[in-house]
There are 2 protein chains.
Amino acid sequence: MTRIKEVAALAGVSTATVSRVLNGKSVSPGMESAVRRAVAELGYTPNRTARSLRRQHSELIALVLPDIENPFFTSLARGVEDVARAAGLSVVLCNTDEDVDTQEHYLRIADDENMAGVILAPAGPSALLARLAERHRAVVVVDRAVPDDVDQVLFDNVDLGRRAAQALVDRGHRRVACITGPRATPTAKARADGWREALHEKGLPAPDDLLVYANYRVDGGETAMAQLLAAPEPPEAVLATNNLVGVGALRVLAAGDGPHAQLGIIGDLPFVTSPIDDTFLLQLHPREMGLMAARMLVDRIRGEAGPAQRVIQPSRPVMLGAPAS
Amino acid sequence: MTRIKEVAALAGVSTATVSRVLNGKSVSPGMESAVRRAVAELGYTPNRTARSLRRQHSELIALVLPDIENPFFTSLARGVEDVARAAGLSVVLCNTDEDVDTQEHYLRIADDENMAGVILAPAGPSALLARLAERHRAVVVVDRAVPDDVDQVLFDNVDLGRRAAQALVDRGHRRVACITGPRATPTAKARADGWREALHEKGLPAPDDLLVYANYRVDGGETAMAQLLAAPEPPEAVLATNNLVGVGALRVLAAGDGPHAQLGIIGDLPFVTSPIDDTFLLQLHPREMGLMAARMLVDRIRGEAGPAQRVIQPSRPVMLGAPAS
DNA sequence: TAGCCTCCTGTAATCGATTACACCGCGAAT
DNA sequence: ATTCGCGGTGTAATCGATTACAGGAGGCTA
């Protein structure tokens, strides 16, 4: 591989001058063109490890996600990637599998690699996160709130739950169930809280047997939906609070060997193949969330000061197909 | 952040000794325990940038993919990630969007960052790939063959196409269409070749109007399927040669306002929500492919010599639900 | 007891870039 | 004509680890 010394030798200048040309510092025109010619001839690109060591930060950002197989997070990753690429940064993708230790492991690596910044969708509370933020490393948290004083891009989860449940009630349903994520997940709890509030506001009961905590995956949605439909008095409508759970619920409905129920889903419904005319979708935009988070991160990396921001990402209610009679 | 000097000072030894303890070189028991105590007390972890510079390679591997939103590739990524993590490596995920220039850009970065290795699902021919391999950097190509002399993990695409088409013919269909990927994609062409061979072997015609080239995405499958079903003499069965195209085809069938056709899909059918009783699935295992590729890469990083390997990944035919009458 | 070998240990070189600092030359100001 | 200032340049320090090399202590052999 070519080194800066060889470029300097070929151009007949010092390494300092080569470096200055490549970093846009002022250099006399004659030398500049000599350097550029040498760079082109040798196909030189600077070694990023050496640069990172000297500059004390690399051109990498870490994107730490709970589940890279969930399309919600891959869309988010896509958004981050697009902004990062435009800013000359590369994305290191880390999968925590919802495990806090793994999360801490990757945050530590991000630190030890002198990465320029971190975007984290937390699997749980993190001690390292606060330390990173304190030493003013660029950090943005997405999707799930943390108490720390860092930039965050979030949904208003209570509001999401409320609006989705309201939409189902407004279609005339009185027994509206809710399938949400694990009890320990604040996001899941908040959306369920919204569901409960909406029912109460409409003067409807929200009994415990209409609320099911499931894992936030397809099989969780399947199990929960089957359980709800098998009840002595099945619900008229069901709210699934995330996209994978929604897919599971849709599968059970599509199998069609139980009572029917209208479905509401909070999420982005990727790769659905069944007709979903009668489904209410409160659409989230993970890609936009990723774009926003990455922009904020890039601003911080560029040195933007100021207090930590909390950005609430909007969502869009969509009715798919014709409403139920 | 803690530096090795501070650890050395606290333990009362030289930095060399600290480094040796951390890298498992022999050190006297007394010093070793003193160093370990100091490391624990300060919470020291070595700076990876400095280590990479000295060792001439980092603990990162690049995974360069054409489309991180395609579940096929996210499953593959998941497999790579699992092996990498176990080997102490982190994965840098790069999305080429099927663009060769972007691909070269990322390969160059992998080189400039002194990454330990690269796993590439090529969007097209690459000049850098050969150069990396020549300088015996660890490289593994997945999913799409390249002519270069590097390790590859592939499917036998002609065979996949043939077996899937055979299965549809064996169910009694005579007009079997094929939706494959872009004409320029060798994988797409190979699977279509297999389809053609199967029909010919069965003494059936494989006319051009039964072969549709689509983009390898959901909308490509939708358009192609709609086109096939709208033909004056629609096919009795349709083979979709990748999972996203299959999703698109399924959507059109599920909408149900055209003639019916039996579907065959080569892929891994993620997140499908419609009943797919009558669908033949030739199941691919991208996660296994990722595991295998990462294992081969790790072996190479550890210094394994020997000629470049070509591993053919198996697939499993699955009939979903009851066969058509 | 002298000579050698082994095993640790510390000092300093090294990886490859960026950049602080010193210095040089030239034009402007006095 | 001297001084000052300034833009441009090169030399060498620097980032933080790993590791080549030199040297010292101790055990073993002759």
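Sequence lines set the chain letters: A, B, ... in the order given, protein chains first and strands last, and positions in each chain run from 1.
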When V13(A), L10(A), V27(A) are each screened for side chain to side chain contact (heavy atoms under 4.5 Å, CB included) with V35(A), the one that passes is V13(A)
Does R131(A) come within less than 4.0 Å of D111(A), counting only side-chain N to carboxylate O? no
So, E59(B) and S52(B): side-chain donor and acceptor under 3.5 Å apart, yes or no? no
State the CG-CG distance between N47(B) and L53(A), to the nearest 0.5 angstrom. 6.5 Å
Under 4.0 Å between a side-chain nitrogen and a carboxylate oxygen: does that hold for R36(B) and E32(B)? yes
Testing R300(A), R295(A), R137(A) for salt bridge (Lys or Arg N to Asp or Glu O under 4.0 Å) with D151(A), which one passes? R300(A)
Spacing of NE2 belonging to H285(A) relative to CG belonging to L291(A), to within rounding of 0.5 Å: 12.0 Å
Which two nucleotides bound the region of DNA chain C that has atoms under 4.0 Å from heavy atoms of chain B, read 5' to 3'? dC8(C) to dG16(C)
Identify, between R54(B) and V18(A), the residue whose nearest nucleotide on DNA chain C lies closer to the 5' end. R54(B)
Angle between the two end axes of the helix from dT1(C)-dA30(D) to dT30(C)-dA1(D), five base pairs per end, rounded to 10 degrees? 60°
Using the closest heavy atom to pick a nucleotide of DNA chain C for each, name whichever of A16(A) or R55(B) lands nearer the 5' end. R55(B)
To the closest 0.5 Å, what do you measure between CG (L63(B)) and OG (S90(B))? 13.0 Å
Taking atom CZ of R144(A) and atom OG1 of T185(A), what is their separation to the nearest 0.5 Å? 6.0 Å
Assess whether a salt bridge exists between D82(A) and R287(A), defined as any Lys/Arg side-chain N lying under 4.0 Å from an Asp/Glu carboxylate O. yes
Stretch residues 19-44 of chain B: residues that reach within less than 4.0 Å of DNA chain C through a heavy atom: R20(B), S26(B), V27(B), S28(B), M31(B)
